[in-house]
Amino acid sequence: MRRTWLIVGGVFTLATVGGLGAGFGLNVGLPEDSADTSLIYSTTAETTVSAYRITTSELFVEVRGEVDVKVIVTPASKGARRLTVERRLTVERRLTWAGDDGRHQSESWNGRWLRAEMMCGVSACGALYTLTVPEDTPVWLITPPRTLTCPPRVCRHG
């Protein structure tokens, strides 16, 4: 009987020690070959495109902070066909920033007014709004302290 207990205990001990050893051996990785490093600079960009049906004859864009606006016109339809063509505004918004140190971005659209703001913390950030509008739709860019009409070019303030 004693011999049986010795055999059972030996097998149990061997299985336990062998199993634990194999388990630890699988989780132990080789040392990684690395060197001291630190991130010096990183930028992030986010692009969003939205299309809206418009019924207004003119658009107003009010911007604050680090916002640029580019206006691209599409040819207006001629004659009777013009009544069936949907008038559309496409807004492509590209935001860029470095780090996450207090930047603030907001936007609102009510069918006639697009308001956009981008304020930066310590690092650089910015927003570029590319508006695609029918050629017969004037776009008024309102920036403190002035208002200007945007032809198909980049409207910059400051």
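The analysis underlying the following values was restricted to heavy atoms, covering all of them including side chains, and did not include hydrogens, waters or symmetry mates. Every value quoted in this text rests on a predicted model; they were computed, and no experiment measured them.
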Problem set entry | Validation row: I142, W113 side chains within 4.5 angstrom (heavy atoms) | yes
Exercise. If we only count heavy atoms from C-beta on, is the T90 to R88 side-chain gap below 4.5 Å?
Worked result: yes
Exercise. What are the two closest non-hydrogen atoms of A98 and S123, and how far apart are they?
Worked result: O-CB, 3.1 Å
Distance-only check: which donor-acceptor pairs under 3.5 Å involve side-chain atoms of residues 53-60, not counting sequence neighbours?
residue, atom, partner, partner atom, Å
T56, OG1, E58, O, 3.0
E58, OE1, W140, NE1, 3.0
E58, OE2, R112, NH2, 3.2

Problem set entry | Residue pair L131 / V139, side-chain heavy-atom distance below 4.5 Å | yes
For this session: List in chain and number order the residues that pass salt bridge (charged side-chain N to carboxylate O under 4.0 Å, His left out) with R115, two or more places apart in sequence or in another chain; answer none if no residue qualifies.
Result: E62
Exercise. Heavy atoms, side chains only, cut-off 4.5 Å: are T43 and T96 in contact?
Worked result: no
Problem set entry | Pairs flagged by salt bridge (Lys or Arg N to Asp or Glu O under 4.0 Å) wherever residues 116-130 is involved - sequence neighbours left out | none
Exercise. Who pairs with T132 by side-chain hydrogen bond (donor to acceptor under 3.5 Å, both in side chains), at least two apart in sequence or on another chain?
Worked result: none
Exercise. What pairs with T48 under side-chain hydrogen bond (donor to acceptor under 3.5 Å, both in side chains), at least two apart in sequence or on another chain?
Worked result: R93
Exercise. Rounded to the nearest 0.5 Å, how far apart are CE of M118 and CD of Q105?
Worked result: 6.0 Å
Seminar exercise, completed: The reported gap from SG in C125 to NE2 in H104 (rounded to nearest 0.5 angstrom) is 10.5 Å
For this session: Report yes if some heavy atom in the side chain of E92 is under 4.5 Å from a heavy atom in the side chain of T47; otherwise report no.
Result: yes
Exercise. What about V49 and V73, same hydrophobic cluster or not, with Ile/Leu/Val/Met/Phe/Trp/Tyr joined at side-chain heavy-atom distances under 4.5 Å?
Worked result: no
For this session: Might you point out which heavy atoms bring G126 and C120 nearest each other, and give the distance in Å?
Result: N-SG, 4.5 Å
Exercise. Under a 4.5 Å side-chain heavy-atom rule over Ile, Leu, Val, Met, Phe, Trp and Tyr, are L95 and M119 clustered together?
Worked result: no
Problem set entry | Residues in side-chain hydrogen bond (donor to acceptor under 3.5 Å, both in side chains) contact with S50, at least two apart in sequence or another chain | none
For this session: Output the distance between atom CG (L128) and atom CZ (R94), rounded to the nearest 0.5 Å.
Result: 8.5 Å
For this session: List the steps and the verdict of side chain to side chain contact (heavy atoms under 4.5 Å, CB included) for L114 and E107.
Result: CA-CA 7 Å; L114 173 65; E107 175 183 314; 4.0 Å; yes
Exercise. Are the side chains of D68 and Y129 in touch, meaning some heavy atoms are under 4.5 Å apart?
Worked result: no
